[in-house]
Amino acid sequence: MTQSDPQDLNLYFAELEQEARQAASALSTPEAVEEFRLVWLGRKQGKLKQLSDSLLKSAAPEARREIGQRFNALKSVVESLLEDAAGAGPSDSALAAEAIDITLPSTRGLLGAEHPITRTMNEIVQVFAALGYSVGVGPEVETDFYNFESMNFPPGHPARDTQDTLVIANQERRPLRDRLLLRTHTSPVQMRTMEQQPPPLRIVIPGKVHRNEADDATHSSTFHQVEGLCVDTNITFSDLKGTLDHAMKALFGSSVKTRFFPSFFPFTEPSADVQISCIFCGGKGCRRCKQSGWIELLGCGMVDPAVFAFAAEKQPGYDPKKISGFAFGMGVERIAMMKYGVSDIGQFFSGDMRFLEQFA
Ligand code: FA5
């Protein structure tokens, strides 16, 4: 070929173009397309690079324009062949080889299961639902008013220290009653419910609570409670005792005994801690019940008239002279630990599948 003869040049470039088209028509896999790109457009060894080095750069100045035009035309043909081949995807035969048989049975994914705390919480709620209680919920981020003040913990009252509180930062400018905190118990939902519904009322409230406490085998800074509230005319302490005795028997078996110990909560008067006979030793005394035969499980009491007075501001039906009621609050983790013989509360929150799978 003479570089100056246009006919020679035409023939030479036409042959190259033909070669490229043939090669491109046979491309059927992404690997082959990539190979084609390297052979033709590879920056170091590609045919067009070699052509540019051997023909274009060494061409006489007067021939360079002619050669350059043909070179560019060939290059855009190769580029569009490559684009078509890449866009076209795998050939029909390649697709057929990879086809999925949708009639084959699928591989089974792992099935989730209820967390033991959720399960225990649902069981507790079921026991009370069967007694005609409805179920309520309330916010986890609560105001000082609902968590403390309306539950008869006045500002500065030492009883607040019994529930070391995690507060939301930067609220100093708000009045104390509006400041936000992580609720330390589910009791504030008692007030929220009474503000919404006139008596009579029977409700259980499951939920998560938080306290600024060091974690140990029986304490966690995040845990769950189920709150209960019953208000009507002539509700007495015997109703409270009968209800909780029935609930403990439903949860732990009919041979379990209960006893009520005097206690103090600002929102109940009188108040009591409920103990059940140790389910591990049947009340004889063992390591789990510290040889006492009894295990403490929850707090309860008759609703304090001061709490009804707060509720009566929005619902006059809660007149403490006309109605009475009881309330209780139980720790779900403690009950789950008893039911399932778990000795460390932290295991519920560890995310360890070996532990959790035992409840699936
Ligand atoms: C209360 O929180 C009261 N609101 C309960 C109540 C409601 C009394 C209605 C009267 C009427 P207390 O702080 O004792 O009370 O907590 C109740 C239960 O939560 C305890 O019996 C215990 O089972 C559980 N609990 C308390 N602190 C922790 C903790 N750090 N980790 C796990 N469980 C806890």
Side-chain angles (χ1 to χ4, degrees), residues 116-117 120-121 124 128 133 136 138 140 142 146-148 150-153 158-166 181-194 201-231 235 237 239-241 243-244 247-248 251-252 258 260-276 294-304 306-308 311 324-339 342-349:
I117 294 302
T120 307
M121 202 145 65
I124 299 169
F128 289 96
Y133 282 64
E140 243 174 87
E142 187 52 281
Y146 282 110
N147 196 79
F148 288 126
S150 73
M151 286 288 106
N152 203 26
F153 293 81
R160 289 184 172 222
D161 296 346
T162 59
Q163 301 187 359
D164 198 354
T165 310
L166 295 159
L181 44 82
L182 298 185
R183 67 177 176 192
T184 53
H185 52 170
T186 40
S187 300
V189 195
Q190 286 187 31
M191 186 55 63
R192 288 185 175 276
T193 311
M194 286 192 279
L201 189 71
R202 262 176 295 175
I203 190 162
V204 274
I205 303 136
K208 194 185 285 171
V209 302
H210 307 263
R211 292 185 191 176
N212 183 20
E213 276 180 20
D215 293 351
D216 64 23
T218 52
H219 292 82
S220 168
S221 53
T222 294
F223 60 101
H224 298 77
Q225 290 187 337
V226 175
E227 189 83 11
L229 175 66
C230 169
V231 185
I235 298 289
F237 202 88
D239 296 315
L240 169 61
K241 284 186 82 172
T243 304
L244 290 180
M248 293 302 119
L251 287 169
F252 294 105
T258 50
F260 290 68
F261 251 62
S263 182
F264 171 77
F265 299 101
F267 37 93
T268 47
E269 181 60 34
S271 306
D273 281 326
V274 181
Q275 301 181 343
I276 63 166
W294 296 91
I295 293 182
E296 193 175 305
L297 269 193
L298 66 140
C300 66
M302 300 305 291
V303 178
D304 193 297
V307 173
F308 281 141
S324 58
F326 63 75
F328 55 86
M330 49 186 96
V332 179
E333 282 74 6
R334 300 262 172 93
I335 290 178
M337 286 168 84
M338 293 275 291
K339 273 181 84 75
V342 174
S343 54
D344 184 352
I345 197 171
Q347 291 200 282
F348 290 123
F349 307 110

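Note that ligands are numbered from 1 as they come in the structure, with each ligand's atoms numbered from 1 the same way.
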Determine whether the side chain, the backbone, both or neither of Ser187 has a heavy atom under 4.0 Å from any heavy atom of ligand 1. side chain
Decide whether Thr184 and Asn147 meet the rule of one side-chain donor and one side-chain acceptor closer than 3.5 Å. yes
Option set His219, Met151, Arg334, Arg211, criterion heavy-atom distance to atom 23 (O) of ligand 1, minimum: Arg334
Separation between CD1 of Ile205 and CD of Gln225, rounded to the nearest 0.5 Å: 10.5 Å
Given that the side chain starts at C-beta and the backbone is N, CA, C, O, which of these parts of Leu298 lies under 4.0 Å from ligand 1, counting heavy atoms, or is it both or neither? backbone
Side-chain donor/acceptor of Arg183 to backbone N/O of His210, under 3.5 Å: no
Could you identify the single nearest non-hydrogen protein atom to atom 5 (C) of ligand 1 and state the distance to 0.1 Å? Gly329 CA, 3.9 Å
NZ (Lys339) with more than 12 external heavy atoms under 6.0 Å: yes
Side chains of Glu213 and Ser221: donor-acceptor distance under 3.5 Å anywhere? no
Which is closest to atom 31 (N) of ligand 1 in terms of heavy atoms, Ser220, Ser263, Gly301, Gly228? Ser220
Can you list the atoms of ligand 1 that are under 4.0 Å from a heavy atom of Cys300? 8 (C), 10 (C), 11 (C)
Please confirm whether Phe326 approaches ligand 1 to less than 4.0 Å, judged on its heavy atoms. no
Check: Glu227 and Val204 side chains under 4.5 Å, non-hydrogen atoms: no
Any N/O pair Thr268/ligand 1 closer than 3.5 Å: no
Ile345 neighbourhood, listing ligand 1 atoms whose heavy-atom distance to it stays under 4.0 Å: 32 (C)
What do you reckon, are the aromatic ring centroids of Phe148 and Phe267 less than 6.0 Å apart? no
Identify the protein heavy atom lying closest to atom 3 (C) of ligand 1, giving its residue, its atom name and the separation to 0.1 Å. Phe267 CZ, 3.7 Å
Would you mind reporting whether Lys208 and Thr222 have side-chain heavy atoms less than 4.5 Å apart? yes
Report the nearest protein non-hydrogen atom to atom 21 (O) of ligand 1: residue, atom name, distance rounded to 0.1 Å. Leu297 O, 3.4 Å
Side chains of Leu244 and Thr258: closer than 4.5 Å at any heavy-atom pair? no
Hey, looking at atom 32 (C) of ligand 1, which of Phe328, Phe265, Phe264, Phe223 has the closest heavy atom? Phe223
Counting the benzene-type ring for Trp, do Phe223 and His185 have ring centres under 6.0 Å apart? no
Check each atom of ligand 1 against the heavy atoms of Ala327 and keep those under 4.0 Å away; list them by number with element. 9 (C), 11 (C)
Considering only the protein, which heavy-atom contact is closest to atom 30 (N) of ligand 1, and what is its distance? Glu213 OE1, 2.6 Å
Would Arg202 pass as a cation-pi partner of Phe128, given that its NZ or CZ must be under 6.0 Å from the six-membered ring centre and within 45 degrees of the axis? no
What is the nearest protein non-hydrogen atom to atom 16 (O) of ligand 1, stated with its residue, atom name and distance? Gln225 NE2, 3.4 Å
At a 4.0 Å cut-off, with the gap strictly under it, does some heavy atom of Leu229 reach an atom of ligand 1? no
Atom 18 (C) of ligand 1: nearest protein contact (heavy atom, Å): Gly331 N, 3.7 Å
Under 3.5 Å between some N or O of ligand 1 and some N or O of His185? yes
Please state whether Glu296 comes within less than 4.0 angstrom of ligand 1, counting heavy atoms only. no
Could you please spell out the steps behind the side-chain contact (heavy atoms from CB on, under 4.5 Å) verdict for His219 and Ile345? CA-CA 7 Å; His219 292 82; Ile345 197 171; 5.8 Å; no
